[in-house]
Student: 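Quick one: the structure is below, and I'll ask about it shortly.
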Amino acid sequence: MLQVAFIREHRDEVIERLQQRNMDASQMIDNVITLDEQRRKLQTQLDNTLAESNTIAKEIGNLYKSGKASEANALKEKGAQLKEDSKGLEDQLNRKAEELTELLYQIPNIPHHTVPAGNTDEDNEEVFKEGDIPKLHANAKPHWELVKELDIIDFELGNKITGAGFPVYKGKGAKLQRALIAYFLDKNTAAGYNEVQVPHLVNEASGFGTGQLPDKEGQMYHATNVEPSLYLIPTGEVPATNIYRDDILSLSQLPQQLTTYTPCFRVEAGSYGADVRGLNRLHQFDKVEILRVEHPEQSYKAFEGMIEHVKDILRELKLPYRILRLCGGDLGFAAALTYDFEVFSTAQDRWLEISSVSNFETFQSNRLKLRFRNQDGKTQLCHTLNGSSLALPRVLAGIIENYQTEDGIQIPEVLIPYTGFDKI
RNA sequence: GGAGAAAUGGCAGAGUGGUCGAAUGCGGCAGUCUUGAAAACUGUUGAGGGUCACACCUCCGGGGGUUCGAAUCCCUCUUUCUCCGCCA
């Protein structure tokens, strides 16, 4: 969420930069400024009332001590009246503050100045491309056919147990999946990310902290038969980032680098057609995530570092990929800048998104109250970043499709030590 | 699941109705001393709101209550610890 003080001081700039998202925020921004003014006015009134009430309470204490009970009793009435006043003011203040917060929740992050204009994914800007697209044999097939023939991923079985979008990985398919997870985690920890295992259900405060709530309420599975209700995580980002909620880090604690492997659960309502075939879109999938908490001056350098890291993994896997800089219209609610990685699937003849690296700047940390103590000893909001390294199903799809041969699927060399076999 | 105890600033730990945003110690920061460091000494050191800056307000696990006044009393929830039971 954007900082009110920033909005107040940079009204025109905020409106102008949000236009990059194809939204006219002027009305919202002006409402924020008005609500904030009203809020502060009420706060002052309340403070003054409480100050008076405090003074009287002290006086009464002194009067009792000096034995002037009757005078003290006279003052009590006034104190009671002030208390009543303060309650009324407090109610008004809370309502106003809530209204302001709700409005702020609806305003997305300000795009980074490099974010290109545009409405849809067609307007995303390709910034990098690497790797050879393999020439497949004549009988090459998409992964959903291959995995069925080889009996390594069973969609129908998952459908029986749970429903569509919850596949069962079997035999070498399961092993390959596990190999990828181990390989990703090893790469990430070698690069300095600390491995953590986190809960797969989170409370409401965590959902708000990273910005999934209230924006993506409908996208998350929600367990409501427990009190308080819990959400199944749509990404490891949510629990991992919330590790830092309400923290004040020292300069020496920055940067923080985490990596975590988690399943991810997404409702994905309204999806249909070829986009969602096979592994392309699931309700449950695995992902290894990398996450950083950075000094604001370092965050874009860190962003580049994360991009290079993901590149390195894809190079090792020898998968052809490209990097897109998301346009304003495609940029996620909380992100200031996002680069998507896409692997080319030869058999499907299309690009599959396998990673998304974002800098949220202070958007998440403002909600999280994640701060650090700067050189002047003042608290200041950190920048948060995260990215997938990587999302499993589409990497799996990319490997299965691009590495297919007439007599089975070759395993990428770097994975063989993890799988223990070189062909499926 | 049962019984008991507890939750205070970065940490430890005082504080049972007004003089408490809170003793003291440790840690942190700054200074003195030193060639430099350590030690010692001196000062300083929670967060948020508000203000040009002060003033002022809020916060002692969360929420609610009693009172003119709550860290302190009451209710409730959560968490932690000890003992017992059960269990992957």
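Below, chains carry the letters A, B, ... as their sequence lines are ordered, and counting in each starts from 1. Hydrogens, waters and symmetry mates are skipped; everything else that's a heavy atom, side chains included, is used. Keep in mind the model is a prediction, meaning the values are calculated, not measured.
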Student: Does the structure show a Watson-Crick or G-U wobble partner for B:U24, both distances under 3.5 Å? Name it, or say none.
Tutor: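 Looking at the geometry, B:U24 pairs with B:A12.
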Student: What does B:C52 pair with, Watson-Crick or G-U, if both distances are under 3.5 Å?
Tutor: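 Across all strands, not a single nucleotide pairs with B:C52.
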Student: With a 3.5 angstrom cut-off on both distances, give the Watson-Crick or G-U wobble partner of B:G31, or none if there isn't one.
Tutor: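 By the stated definition (distances under 3.5 Å), B:C41 pairs with B:G31.
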Student: Counting just side-chain N and O atoms, does A:R39 come under 4.0 Å of either OP1 or OP2 of B:G50?
Tutor: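 For A:R39, the contact criterion (side-chain N or O under 4.0 Å from OP1 or OP2 of B:G50) is met.
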Student: Taking the same atom, P, in B:G62 and in B:C11, what whole-Å distance lies between them?
Tutor: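 Per the computed distance, 14 Å lies between those P atoms.
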Student: Find the distance A:E90:CD to B:G49:C1' and express it as a whole number of Å.
Tutor: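 Distance, rounded to whole Å: 13 Å.
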Student: For the residue pair A:F6 and A:H10, does the interplanar ring angle fall in the parallel (under 30°), tilted (30 to 60°) or perpendicular (over 60°) class?
Tutor: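 Ring orientation, 0 to 90° scale: parallel.
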Student: Between B:A88 and B:U78, how many Å separate the two P atoms, rounded to a whole number?
Tutor: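 Roughly 26 Å separates the two P atoms.
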Student: Does a nitrogen or oxygen in the side chain of A:R40 sit under 4.0 Å from OP1 or OP2 of B:U51?
Tutor: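 Result: yes.
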Student: Measure from CG on A:L63 to P on B:U19 and round the result to the nearest Å.
Tutor: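 Interatomic distance, CG of A:L63 to P of B:U19: 15 Å.
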Student: How many Å lie between NZ on A:K76 and C1' on B:U67, as a whole number?
Tutor: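 My rounded result for the distance is 8 Å.
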Student: Can you tell me how the ring of A:F208 sits relative to the ring of A:Y105, calling it parallel under 30°, perpendicular over 60° and tilted otherwise?
Tutor: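 A:F208 vs A:Y105 ring planes: tilted.
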Student: Measuring only the P atom in each nucleotide, how far is B:G63 from B:A12? A whole number of Å is fine.
Tutor: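 Each nucleotide's P atom is 22 Å from the other's.
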Student: Can you tell me how far C1' of B:C68 sits from CG of A:D85, to the nearest Å?
Tutor: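 Those two atoms, CG and C1', are 14 Å apart.
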Student: Taking only the side-chain heavy atoms of A:I60 (C-beta and beyond), determine which of B:C68, B:A47, B:U67 contains the nearest atom.
Tutor: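 Closest nucleotide to the A:I60 side chain: B:C68.
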Student: Over how many whole Å does the gap from A:F372 atom CZ to B:G46 atom C1' extend?
Tutor: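 Checked: the CZ to C1' distance equals 18 Å.
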Student: Atom CG of A:L251 and atom C1' of B:C29: how far apart are they, to the nearest Å?
Tutor: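 Rounded to the whole Å, the gap is 13 Å.
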Student: Has A:K83 got a side-chain N or O lying under 4.0 Å from the OP1 or OP2 atom of B:G69?
Tutor: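 Looking at the OP1 and OP2 atoms of B:G69, one of them is under 4.0 Å from a side-chain N or O of A:K83.
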Student: Which nucleotide in the set B:G69, B:C57, B:G48 lies at the smallest distance from any side-chain heavy atom of A:R371?
Tutor: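 Within the option list, the nearest is B:G48.
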Student: Determine which nucleotide pairs with B:C60, using a 3.5 Å limit on both distances of a Watson-Crick or G-U wobble pair.
Tutor: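 The base-pairing partner of B:C60, which may sit in any strand shown, does not exist here.
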Student: So, is A:N48 close to the B:G50 phosphate, meaning a side-chain N or O under 4.0 Å from OP1 or OP2?
Tutor: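 So the side chain of A:N48 is outside the cut-off, no N or O lying under 4.0 Å from OP1 or OP2 of B:G50.
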Student: Separation of A:D247 atom CG from B:G46 atom P, in whole Å?
Tutor: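 It works out to 19 Å between those atoms.
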Student: On RNA chain B, nearest-nucleotide positions of A:E77 versus A:R373: which is more 5'?
Tutor: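 The residue closer to the strand's 5' end, by nearest nucleotide, is A:R373.
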Student: Just compare B:G50, B:U58, B:G48 and give me whichever is closest to any side-chain atom of A:N54.
Tutor: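 Given the options B:G50, B:U58, B:G48, the side chain of A:N54 is closest to B:U58.
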Student: With a 3.5 Å cut-off and heavy atoms only, can you find an N or O donor on one side and an acceptor on the other between the side chain of A:D47 and the base of B:G49?
Tutor: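 Counting by modelled atom types and ignoring angles, a donor-acceptor contact under 3.5 Å is found here.
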Student: So, OP1 or OP2 of B:G69: does either fall under 4.0 Å of a side-chain N or O from A:S53?
Tutor: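 No, no such contact exists.
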Student: Side chains of A:D286 and A:F184, heavy atoms from C-beta outward: is any pair under 4.5 Å?
Tutor: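 No, every pair of side-chain atoms sits at 4.5 Å or beyond.
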Student: A:L2 and side-chain contact (heavy atoms from CB on, under 4.5 Å): which single residue from A:N366, A:T362, A:V32, A:N109 fits?
Tutor: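 For A:L2, the side-chain contact (heavy atoms from CB on, under 4.5 Å) check succeeds only for A:N109.
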Student: Please say which of A:N188, A:V198, A:I290, A:V288 ends up in a side-chain contact (heavy atoms from CB on, under 4.5 Å) with A:T260.
Tutor: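 Going through the options one by one, the only one that passes is A:V198.
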Student: With nearest nucleotides of RNA chain B determined for A:K87 and A:E52 from heavy-atom distances, which residue corresponds to the more 5′ nucleotide?
Tutor: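 Looking at RNA chain B, the more 5' nearest nucleotide goes with A:E52.
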Student: Which of the following nucleotides, B:A47, B:G50, B:G69, is nearest to the side chain of A:R8?
Tutor: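 Of all the options, the side chain of A:R8 is nearest to B:G50.
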Student: For the pair A:H309 and A:Y193, name the ring-plane relationship: parallel under 30°, tilted 30 to 60°, perpendicular over 60°.
Tutor: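 Geometry flag for A:Y193 against A:H309: tilted rings.
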Student: Would you mind reading off the distance between A:L82 atom CG and B:C68 atom P, rounded to a whole angstrom?
Tutor: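 These atoms are roughly 13 Å apart.
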